[in-house]
S.K.: 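The structure that follows is given in the form of structure tokens.
Lettering of chains follows the sequences in order, A, B, ..., and the numbering in each one begins at 1. Keep in mind that this is a model prediction, so the values were computed, not measured.
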2 protein chains.
Amino acid sequence: MARRGSYAKGVAKREEILERALEVIAREGYRGASVKEIADAVGLSQAGLLHYFDSKEELFVAILRKRDELDGIRVGADASLDDARDGFLRVIRHNTEVPGLVELFSRMAVEAGDPRHPAHAYFRERHAALRAELLAHAAQIRTTPPMDPDSLVRIIQAVADGLQLQWMLDRDVDMPRIVADLFDALDAREERHG
Amino acid sequence: MARRGSYAKGVAKREEILERALEVIAREGYRGASVKEIADAVGLSQAGLLHYFDSKEELFVAILRKRDELDGIRVGADASLDDARDGFLRVIRHNTEVPGLVELFSRMAVEAGDPRHPAHAYFRERHAALRAELLAHAAQIRTTPPMDPDSLVRIIQAVADGLQLQWMLDRDVDMPRIVADLFDALDAREERHG
DNA sequence: GTCTATAGAATGATAGAC
DNA sequence: GTCTATCATTCTATAGAC
């Protein structure tokens with residue numbers, strides 16, 4: 001392994017491009033959505049950037065996947081319900097620090113509604129994976145009356161996505177606080193420890 | 001009033017264009033988002049259509065406002081909490097019959113995040129108005145523990161918007177059912193009549 | 001009031017030099 | 001592997017005839 005050659009180099013450079021793109025979009029926002037914008041940001045010409053990606057759409061999906069990969073580390077393997085809750089809130093809190101990524105994500109999510117869009121499969125997989133993770137904890141949430149677990153996880157997911165739209169219109173919207181309020185109202189267990 | 005002349009005619013035609021555009025987008029979906037697409041749909045040339053609207057963005061905002069106007073009639077003045085609930089669910093149910101409008105709305109909602117976008121003011125007003133309406137009923141919803149009314153209405157709004165994203169990815173998502181489940185879980189009053 | 005024609009700008013993608 | 005140059009397309013907006 002680690003053989004000298006074009007392939008390994010190409011892959012490494014590709015990853016480097018994605019990380020750099022994420023940094024820039026997170027910090028400076030996501031204005032144009034054009035390949036040129038990203039190319040400038042990562043220090044390549046437009047053609048130079050497209051050397052690593054077949055198309056604009058493939059590039060953006062790759063950026064989102066890279067973000068998931070990095071965020072996945074941040075969340076970690078959730079054990080208890082409280083840990084899952086905290087992890088979820090931590091991701092939301094982190095999102096308030098990367099407005100450009102929130103915008104990119106939301107924009108792609110809408111465009112992915114078209115089954116022919118390259119991001120369609122990505123978002124279906126991603127949503128399903130998130131719901132599966134939430135579902136593992138849903139049984140421990142006791143609502144009155146008891147709620148269908150599938151509805152419960154879709155609601156949590158919808159609130160997270162929908163609040164982002166509100167937050168993009170008004171940065172004063174306190175996403176973590178509101179999601180925490182939802183959890184409290186849904187989970188009517190006895191007061192938790194601490 | 002009803003004077004013969006260009007002004008009244010222009011306004012009437014403008015309204016007709018908007019209604020026609022809504023019908024077509026609702027029925028055939030919203031593919032291109034271009035002025036030309038709408039122009040073809042309403043039976044005008046691109047230049048002919050832009051005779052009535054200053055710009056593309058103004059046109060799309062006008063379409064969304066027209067939709068609100070027509071939907072407003074559908075909801076009616078809400079009296080009781082149950083009526084409000086039913087009205088809210090009725091709008092959501094209706095949305096499942098106009099996928100093109102859902103897509104147009106979502107797309108514009110994301111783009112409106114930019115304060116310079118012409119739809120920015122529209123969405124801020126619209127969101128605020130909807131929350132004010134919900135707020136009038138929020139006090140009657142008794143959650144355990146009691147929830148901040150502002151959080152409550154933002155959650156309901158977020159679920160409605162977020163579920164649309166899920167529904168666009170998978171038309172099998174039962175939006176009215178899930179929102180009803182949310183209402184049931186939030187409002188832990190005694191079982192309602194009937 | 002509506003059309004044709006076109007300006008003018010932006011974009012994604014590709015060809016080909018180095 | 002990266003660049004410059006260019007192509008082909010698309011889109012908004014406007015000018016001007018009728």
S.K.: Heavy-atom contacts under 4.0 Å between residues 35-51 of chain A and DNA chain D, which residues?
M.R.: A:Leu44, A:Ser45, A:Ala47, A:Gly48, A:His51
S.K.: Please enumerate all residues that pass salt bridge (charged side-chain N to carboxylate O under 4.0 Å, His left out) together with B:Asp170, with sequence neighbours excluded.
M.R.: none
S.K.: Send over the distance from B:Leu59 CG to D:dT12 C1', rounded to a whole Å.
M.R.: 12 Å
S.K.: Under 6.0 Å from the ring centre and within 45 degrees of the ring axis: does the NZ or CZ of B:Arg67 meet both conditions for the six-membered ring of B:Phe105?
M.R.: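 Positive - B:Arg67 is close enough to the ring of B:Phe105 and near enough to its axis.
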S.K.: In whole angstroms, how far is the P atom of D:dT14 from the CG atom of B:Asp54?
M.R.: 9 Å
S.K.: Would you kindly give the OH-to-P distance between B:Tyr52 and D:dA13, to the nearest whole Å?
M.R.: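 After rounding, the reported distance stands at 18 Å.
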S.K.: Table please: side-chain donor-acceptor pairs of residues 15-30 of chain A below 3.5 Å, with sequence neighbours left out.
M.R.:
| from | atom 1 | to | atom 2 | distance (Å) |
| --- | --- | --- | --- | --- |
| A:Glu15 | OE1 | A:Lys66 | NZ | 2.6 |

S.K.: To the nearest Å, how far apart are B:Phe53 CZ and C:dT2 P?
M.R.: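 The distance from CZ of B:Phe53 to P of C:dT2 comes to 12 Å, rounded to the nearest Å.
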S.K.: Where is the tightest heavy-atom contact between B:Leu163 and A:Arg154, given as atom of each residue plus distance?
M.R.: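 The answer is CD2-O, 4.2 Å.
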S.K.: Report the distance from atom CD1 of B:Ile17 to atom P of C:dG1, rounded to the nearest whole Å.
M.R.: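 Atom-to-atom, B:Ile17 to C:dG1, this comes out as 10 Å.
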S.K.: Taking all non-hydrogen atoms of both residues into account, name the closest pair between B:Arg14 and B:Tyr52 and its distance.
M.R.: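 Smallest interatomic distance, heavy atoms only, reads NH1-O, 3.3 Å.
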S.K.: Look at B:Asp68 together with B:Arg126 and state whether they make a salt bridge at an N to O cut-off of under 4.0 Å.
M.R.: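 A salt bridge is present here (some side-chain N lies under 4.0 Å from a carboxylate O).
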